[in-house]
Colleague: 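I have a structure here, written as structure tokens, and I will follow up with some questions on it.
Given the structure is predicted, the values throughout are model-derived calculations rather than measurements.
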Amino acid sequence: TTKMAPPRSVSRVKKVPKPFFAGFIQGINSYKDLKKLLLDPDYAGLASAAILILEVVINIIVIHKVKYTEIDWIAYMQEVEGVKNGTYDYSLLKGDTGPLVYPGGFVWIYLLLYTITSQGKNILLAQYIFLGLYVLNLALIFRILVKTRKLPPYLYALLSLTSYRIHSIFVLRLFNDPVAVLLLYAAINLFLDQYWSLGSLVYSMAVSVKMNILLYSPALLLAYITLLGYKQTILQLLICASFQVLVGLPFLMENPVNYLVGAFNLGRVFIFKWTVNFRFLPEEIFVSKYFHASLLIIHILILLFCLPYVNRFYKAYAKIRSLDIEQAAQLFVLPMFLCNFIGVMCARSLHYQFYVWYYHTLPYLAWCTDYRTVTRLLILGVIEMCWNTYPSTVYSSLALHGCHIALLFSVVKTIIKHVNTSIFTFKQK
């Protein structure tokens, strides 16, 4: 008989616990996966979260290492101090830089800041408050852009980390423009989430801080009509108007004409010294009413030309917004951003703090063109250079207009090209 060999003993393999980030690291262990993290819009949410954390650190360093520059903060405090002391006639509210020229919402927000910062004297605390506003603003615009699924993740880093001017406007200058823009982006988020009445309220809040937000109003009005119908449009307009009356009520009761003229002065003449966009003009033309009227006519004509195409976007959005289509937000966001961009492009004058009016929308608009990636980045880089040229020059102003025209031409061209397709929320390669 043949004896069978005894069975071999099987040694158990001891499991080694994986490191906490093992799954993440394993997911990017190839060039292909790393490329996705940089280029695939589906990874933009991860990139934006990391950037927000980094921005907190960067802004703290900026606050403590870069000298604060006083421009308008003291004047803001002087203006709201007049209200605190019982003055409600807008013509009597003044600061070192001139009369109060912002609506009532500005007064109440900066009166709150006046109180929190010990009558505006605690600049460091004010800077930290604006740090919070900066990060919140970035989070709101990132959320909008992530919803569109259009921009590659690396652009989020370029958008937030590379602009000295934008960081300065927030934490080194404490302007009111960032407050208005933050509320505007909050409103757009609410519109995208279909909270229309709340969105209209927040939009009106933004207008009450600075009326440049009205540059979005043509696109928003068309959105109301196309997406909600005329009855709901009237309701939304009533919400917007009611809030304006509410925040301006003490001033309207004291002297309505002075309030309306002071807070919503459409004929205001800007100082040539500070212009970023029209340095190449003689000053007498720059301040001319005929020049201002010409810009307004150009503004209206461009909007009217874009109107039928934008309306097609909104009609498509009305059909698919209830469906689970990732990129549907593009149909709402592009008309809003484009409308504001046209307004900025045709503005009578742009001061340095006005950069924040459209800065965070520029990469999206650039990626709505049919240019190559290198050309898009070049346009964004030249625009940044123009806004960082102080004082502005003939060449920087001309270059800024050249970039604006190049962007507008290609965006409109792309819209016209794709407007007849059944759905034009495509992901660009």
Colleague: Classify the ring geometry of Y355 against Y358: parallel below 30°, tilted from 30° to 60°, perpendicular beyond 60°.
Modeller: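 Aromatic pair Y355/Y358 classed perpendicular.
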Colleague: Give a yes/no verdict on a cation-pi contact between R348 and F286, requiring under 6.0 Å between NZ or CZ and the six-membered ring centre and an angle within 45° of the axis.
Modeller: no
Colleague: Mind checking ring-ring contact (aromatic ring centres under 6.0 Å, His included) for F251 and listing every partner two or more places apart, or none if nothing turns up?
Modeller: Y88, Y90, W108, Y259
Colleague: Do S242 and V245 come within less than 4.5 Å of each other through their side chains, counting heavy atoms only?
Modeller: no
Colleague: With a 3.5 Å distance limit and no angle check, can you tell me whether N176 reaches the backbone of K210 through a side-chain donor-acceptor pair?
Modeller: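 Checked: no pair found.
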Colleague: Under 6.0 Å from the CD1 atom of I271, do we count more than 12 heavy atoms belonging to anything else shown?
Modeller: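 Not more than 12 within 6.0 Å, no.
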Colleague: Could you name each residue pair satisfying ring-ring contact (aromatic ring centres under 6.0 Å, His included) that touches residues 119-140, not counting sequence neighbours?
Modeller: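 Matches after skipping sequence neighbours: H64-Y128, Y134-H167, Y134-F170.
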Colleague: For a 4.5 angstrom cut-off between non-hydrogen side-chain atoms, does F278 reach F291?
Modeller: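 SC-SC contact between F278 and F291 confirmed.
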Colleague: Taking atom types as modelled, find out whether E384 and T162 have a side-chain donor-acceptor pair closer than 3.5 angstrom.
Modeller: no
Colleague: Test side chain to side chain donor-acceptor pair (under 3.5 Å) on D370 and S410; report intermediate values, then the result.
Modeller: CA-CA 6 Å; D370 57 2; S410 190; 2.6 Å; yes
Colleague: For the residue pair S91 / N255, report whether a side-chain donor-acceptor contact shorter than 3.5 Å exists.
Modeller: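 Their side chains do not contain a donor-acceptor pair, so the 3.5 Å distance test is not met.
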Colleague: Start with the C-alpha gap between Y352 and W274, add the side-chain angles, then the distance that decides, and say whether ring pair (Phe, Tyr, Trp, His ring centres under 6.0 Å) holds.
Modeller: CA-CA 8 Å; Y352 287 96; W274 300 112; 7.4 Å; no
Colleague: If you measure only the distance, is there a donor-acceptor pair under 3.5 Å linking the side chains of S392 and T389?
Modeller: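 There is no such pair between these side chains.
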Colleague: When you measure from the side chain of S204 to the backbone N and O of S200, does any donor-acceptor pair fall under 3.5 Å?
Modeller: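 Looks like no, no N/O pair under 3.5 Å.
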Colleague: Between N340 and W357, is there a side-chain donor-acceptor contact under 3.5 Å, judged purely by atom types and distance?
Modeller: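 No, because no side-chain N or O of W357 sits under 3.5 Å from a partner of the opposite role on N340.
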Colleague: Looking at side-chain heavy atoms only, is the closest gap between C339 and L215 below 4.5 Å?
Modeller: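 Side chain of C339 against side chain of L215, heavy atoms only: no contact under 4.5 Å found.
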Colleague: With a 4.5 Å cut-off on side-chain heavy atoms, are L407 and I379 touching?
Modeller: yes
Colleague: Tell me whether the rings of H401 and F280 are parallel (<30°), tilted (30 to 60°) or perpendicular (>60°).
Modeller: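 Ring orientation, 0 to 90° scale: perpendicular.
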Colleague: Establish, from distance only, whether the side-chain atoms of S168 and R173 form a donor-acceptor pair under 3.5 Å.
Modeller: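 On atom types as modelled, these side chains qualify, holding a pair under 3.5 Å.
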Colleague: Suppose the criterion is ring-ring contact (aromatic ring centres under 6.0 Å, His included): which pairs have a residue in residues 210-248, not counting sequence neighbours?
Modeller: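 For residues 210-248: none.
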Colleague: CG of L362 to CZ of R376: how many Å apart, nearest 0.5 Å?
Modeller: 14.0 Å
Colleague: For Q244 and S208, test the side chains for any donor-to-acceptor distance below 3.5 angstrom and give the result as yes or no.
Modeller: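 The criterion, which ignores hydrogens and geometry beyond distance, is not satisfied for S208 and Q244.
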Colleague: Taking atom types as modelled and ignoring hydrogens, do the side chains of T87 and D89 form a donor-acceptor contact shorter than 3.5 angstrom?
Modeller: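 Side chains of T87 and D89: no pair found under 3.5 Å.
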Colleague: Picking from K84, Q119, E81, what satisfies side-chain hydrogen bond (donor to acceptor under 3.5 Å, both in side chains) with Y114?
Modeller: E81
Colleague: Hey, does T369 have a side-chain heavy atom less than 4.5 Å from the side chain of T375?
Modeller: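 No; the side chains remain at least 4.5 Å from each other.
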Colleague: Side chains of E70 and Y68: donor-acceptor distance under 3.5 Å anywhere?
Modeller: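 Their side chains do contain a donor-acceptor pair, which is all the 3.5 Å distance test asks for.
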Colleague: Hey, could you give me the OH/CD1 distance between Y110 and I116, rounded to the nearest 0.5 Å?
Modeller: 12.0 Å
